[in-house]
Number of protein chains: 4
Amino acid sequence: MTQTSKTDNSSPRKRTRLPSEVRRQYILDAALDEFSMSGFEGATVERIARKAGITKAGLYAHFTSKEALFEALLDTIMLPVVTDDAWVLSSEGTLESAVDSFLDMLYGDSKTTRRLTIMRLLLVESGRNPQRVQQWYQQSYRPYIQKRQRALESYLRQHTSHTTLTSGQIALAFSPAVLAMFWQMIIGGESAASEIAAIKASHREVMLRLLSTD
Amino acid sequence: MTQTSKTDNSSPRKRTRLPSEVRRQYILDAALDEFSMSGFEGATVERIARKAGITKAGLYAHFTSKEALFEALLDTIMLPVVTDDAWVLSSEGTLESAVDSFLDMLYGDSKTTRRLTIMRLLLVESGRNPQRVQQWYQQSYRPYIQKRQRALESYLRQHTSHTTLTSGQIALAFSPAVLAMFWQMIIGGESAASEIAAIKASHREVMLRLLSTD
Amino acid sequence: MTQTSKTDNSSPRKRTRLPSEVRRQYILDAALDEFSMSGFEGATVERIARKAGITKAGLYAHFTSKEALFEALLDTIMLPVVTDDAWVLSSEGTLESAVDSFLDMLYGDSKTTRRLTIMRLLLVESGRNPQRVQQWYQQSYRPYIQKRQRALESYLRQHTSHTTLTSGQIALAFSPAVLAMFWQMIIGGESAASEIAAIKASHREVMLRLLSTD
Amino acid sequence: MTQTSKTDNSSPRKRTRLPSEVRRQYILDAALDEFSMSGFEGATVERIARKAGITKAGLYAHFTSKEALFEALLDTIMLPVVTDDAWVLSSEGTLESAVDSFLDMLYGDSKTTRRLTIMRLLLVESGRNPQRVQQWYQQSYRPYIQKRQRALESYLRQHTSHTTLTSGQIALAFSPAVLAMFWQMIIGGESAASEIAAIKASHREVMLRLLSTD
DNA sequence: CATGAATGAGTGTTCATTCAT
DNA sequence: TATGAATGAACACTCATTCAT
């Protein structure tokens, strides 16, 4: 039998004992969910605990306070962004296929949801703890972006007449995806889908137009 | 020894009776301050009232609940977006001046901070009350965008060979500004400034290139 | 249990609005009761509030924390000890009547219960916050004792051959009353009564014998 | 019911020191420490266990509850009071030496601190559980006092003209020591020392005067 | 048997909201 | 109307106690 999923919504009074590390991860997942949904103040330890499959008091066996849990969460979400598989524009193939894979990377894929949740968390909490978010930006996000940037530049150098790109130009290539992210965050999944699809299509069109020519 | 009360206001607690509308506006200002600073959950009615110069109970003479106050606030801050001097691309003048005024409108000016605040509120609120945000999107934002869209289209019809614009294409024209907002939110005022300037410059360049044409 | 205090212990859900000072005093009375009965940790804000006729939250409108309430309580019980009517051994009348009034003062009367409660509070909490209790001793109790001491000395100078008294001798005159207090505290009202009566009788006998003199 | 120890009572021959018993003693020591420091409510099982070198759950293998631990503690600390080497006024020697040894017993020695701790516990407990304290009084303290009383009486019968002593008179002989204990509790070790010394001196003086006879 | 994860019943405190004055 | 006392419903956190391993 498979083990119970981490979000066991039913309410059997069974006491399930888990290794500390596993439970800890469940709690962190639940916390990401809650904090990004409701913000730090809006989130309740009770809900986080329930999502993690334990009671409020149980959570305190793993994290000493709500604040500490939040900090731990920020710590854990800072790493993966940098270390995930460095995407590289395939230097072979047509321009179209290169652009497509670039866009596929930017717009949704399997990891998008989680990344979106993290983004939402950071945005929502950027008011409460700006320094922490800046730190995240410096340590995690900026390197990530620069990696992407270098990949794009190296591709362009090889295949187009463009020689260098300003950071502003690079940013432009990402901006529609950021817009899409906002739509996704704000107006939710379904009604956002068409909007995003349209944006992506135009994004593709414009990129091709700008890159293809000379 | 002097006795220093903890609530040390400039005026010693006099019961100033203000016209309802004025008081209401004070409250709304205070509310925007509080909500944007602490989020909906983090904000307290007590603080809002104090900032507005009245007591907690006094506030309830003007707004029936914290929720209602928040709704009213959203209404007042969303309205201007729609009704503010409907920007129209001046059909006279050069393309450059038209684009410049478009960009000036999009990118920062006195209203940027306020817009940022509103955006953050919407983000949090979209977690707390998605329907309300969708409603805002339908009732306020979409018409606003469409107005802009029509202005842009009409301009293009007159001056370029472009005939119609998809919503995705329109969105693209805004997206770099959204990215700028994102930077502003996350990495804050000063270090974000140069980033944003670069984006705006590239934005201008691309728009001119795409529109001028053919 | 003991008799009901001035506040109604029944539970009508009526909201009774009282002047701040009055309610504050109710709370302090209730707090003295609770703290001396259960100690600081054992006492609950809920019970104190209920005894004072309000809810837990209502109490916090008058005292900012349990700790603050405790401190305020200590402050209020420190004053009266010093300022209460300075008892003086009537310099007229027989030795017997003088001793009797001395003993009546020491052993119970109307104020005894309250004094006992305060004593119990101080003893119980002398472990938790020794400094605070020492402070009480220096500021309130020592002066009070010294006043009594001077009264006793002045009486003896006039009527007996004793000239001076050491503090140890003075203390001795009080010590049986302290013992009585302990009985009262520990084995409670009824079964303690006879014990105390016997102590008082012997106390009287010894005092007369020692003073009557020579 | 009485103690339910895991050691089999039916075979008293085997007096092997079980680790269990040792640990039990550790726990009791830790408990006395904690309870006297923080009171019953203030004490935590966690801290007691840690002081005893085991975990919280481990403690429950030895005592079924915090309450039971406290009871057991009271049992162990009350017992010695009754059974300790029954002090008897040496019927030989001078009155002075007899009184001195009586006073030495009453006033501090190595056991004073412990007795103080116990006394404070009883004070707190007398608020929380008056019956238990009355029970202690009946079962433990009263016999102890009576033993002392008989010793004193028998001595007096032999050496003085005093024939009987009322309980009140006996009590009087102890009361200054109670006062001393009171000082010790309230104003602490150092500054209490001189006060206590003075009391003891006067106590001695008065006893000699009263007993030395006529 | 001892441990650490887990729990249920509080406990102090806050807060949006109401009501009598 | 405006106020301040009062409330009920949380909420973060603690703790005595249990249970699976």
Side-chain angles (χ1 to χ4, degrees), chain A residues 13-20 22-24 41-49 52-69, chain B residues 13-18 20 23 41-49 53-69, chain C residues 13-20 22-24 41-49 52-69, chain D residues 6 19-20 23 41-49 53-69:
Chain A
R13 300 232 163 203
K14 198 62 188 170
R15 183 188 277 207
T16 53
R17 185 196 173 89
L18 257 58
S20 189
V22 176
R23 179 63 20 110
R24 202 183 150 88
E41 307 274 1
T44 80
V45 174
E46 169 89 43
R47 269 201 302 264
I48 295 174
I54 51 174
T55 58
K56 212 174 17 169
L59 187 149
Y60 280 89
H62 300 274
F63 297 92
T64 60
S65 70
K66 187 186 182 183
E67 187 75 37
L69 172 55
Chain B
R13 195 185 73 80
K14 57 185 174 183
R15 204 155 156 166
T16 52
R17 189 191 171 109
L18 285 177
S20 187
R23 179 56 31 100
E41 308 275 357
T44 79
V45 174
E46 170 89 40
R47 272 199 300 264
I48 295 174
I54 52 174
T55 60
K56 222 175 6 172
L59 189 149
Y60 280 87
H62 296 274
F63 298 93
T64 62
S65 71
K66 186 187 185 184
E67 187 75 37
L69 172 57
Chain C
R13 300 242 163 197
K14 200 59 189 170
R15 184 188 276 206
T16 53
R17 184 197 173 89
L18 257 58
S20 189
V22 176
R23 178 65 18 111
R24 201 183 151 89
E41 307 274 0
T44 79
V45 174
E46 170 89 43
R47 271 201 301 265
I48 295 174
I54 50 175
T55 58
K56 216 175 11 168
L59 189 148
Y60 280 87
H62 299 275
F63 297 92
T64 60
S65 71
K66 187 187 183 182
E67 186 76 37
L69 172 55
Chain D
K6 308 167 188 71
S20 171
R23 220 166 304 126
E41 308 276 357
T44 79
V45 174
E46 170 87 43
R47 272 200 300 263
I48 295 174
I54 52 173
T55 60
K56 222 173 8 171
L59 189 148
Y60 280 87
H62 296 274
F63 299 92
T64 62
S65 70
K66 185 187 185 184
E67 188 75 37
L69 172 55

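First the proteins, then the strands, lettered A, B, ... as listed; each starts at 1.
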Requested in this report: Give Ala68(B) one of three labels, base, sugar-phosphate or nothing, depending on what nucleic acid heavy atoms sit under 4.0 Å from its own.
Outcome: nothing

Query raised in the report: Can you tell me how far P of dT13(E) sits from CD of Glu46(B), to the nearest Å?
Result: 17 Å

Query raised in the report: Is the closest side-chain heavy-atom distance between Leu59(B) and Leu69(B) below 4.5 Å?
Result: yes

Query raised in the report: When the distance from OH of Tyr60(A) to C1' of dA16(F) is rounded to whole Å, what number comes out?
Result: 18 Å

Query raised in the report: With a non-hydrogen cut-off below 4.0 angstrom, is Ala49(B) in contact with a base, only sugar-phosphate, or nothing?
Result: nothing

Requested in this report: Please report, rounded to the nearest Å, how far the C1' atom of dT17(F) is from the CD1 atom of Ile48(D).
Outcome: 14 Å

Query raised in the report: Which atom pair, heavy atoms only, marks the closest approach of Ser65(C) to Ala68(C)?
Result: OG-N, 3.0 Å

Query raised in the report: How does DNA chain E read in dot-bracket, base by base from 5' to 3', with Watson-Crick or G-U pairs under 3.5 Å and | used when the partner is on another strand?
Result: .||||||||||||||||||||

Report summary line: Note: Gly42(B) and Arg47(B) closest approach over all heavy atoms is O-NH2, 3.2 Å

Query raised in the report: With a 4.0 Å cut-off on heavy atoms, is Ala57(D) in touch with a base, just the backbone sugar-phosphate, or nothing at all?
Result: base

Report task. Using whole Å, report how far CZ of Phe63(D) lies from P of dT18(F). Result -> 16 Å

Query raised in the report: Nearest-Å distance, NZ (Lys66(D)) to P (dG10(E))?
Result: 14 Å

Query raised in the report: Taking CD from Glu67(A) and C1' from dC11(F), how many angstroms apart are they, rounded to a whole number?
Result: 15 Å

Report task. Ignoring backbone atoms, test whether His62(B) places a side-chain nitrogen or oxygen under 4.0 Å from the OP1 or OP2 oxygen of dA2(F). Result -> yes

Report task. Take atom CZ of Arg15(A) and atom P of dT17(F), then tell me their distance rounded to the nearest Å. Result -> 14 Å

Query raised in the report: Tyr60(D) and Lys66(D): which non-hydrogen atoms are nearest, and at how many Å?
Result: OH-N, 4.5 Å

Query raised in the report: Quick one: does Lys56(B) reach the base of dT17(E) with a side-chain donor-acceptor pair under 3.5 Å?
Result: yes

Query - Residue pair Glu41(B) / Thr44(A), side-chain heavy-atom distance below 4.5 Å - result: no

Report summary line: Whichever of Thr16(C) and Val45(A) has the more 5' nearest nucleotide on DNA chain F, that residue is Thr16(C)

Report summary line: To the nearest 0.5 Å, atom CD of Glu46(C) lies from atom NZ of Lys56(C) at 5.0 Å

Query raised in the report: Does dT3(E) have OP1 or OP2 sitting under 4.0 Å from an N or O in the side chain of Arg17(A)?
Result: no

Report summary line: Heavy-atom nearest nucleotide on DNA chain E taken for Ile54(D) and for Ala43(C); more 5' hit belongs to Ile54(D)

Query raised in the report: Does a nitrogen or oxygen in the side chain of Arg23(A) sit under 4.0 Å from OP1 or OP2 of dA5(E)?
Result: no

Requested in this report: Could you tell me whether the phosphate oxygens of dA5(E), OP1 or OP2, come under 4.0 Å of any side-chain nitrogen or oxygen in Ser20(A)?
Outcome: yes

Report summary line: Whole-Å distance, Leu59(B) CG to dT17(E) P, equals 10 Å

Requested in this report: Considering non-hydrogen atoms only, spot the tightest contact between Arg23(D) and Ile54(D) and give its length.
Outcome: CD-CG2, 3.7 Å

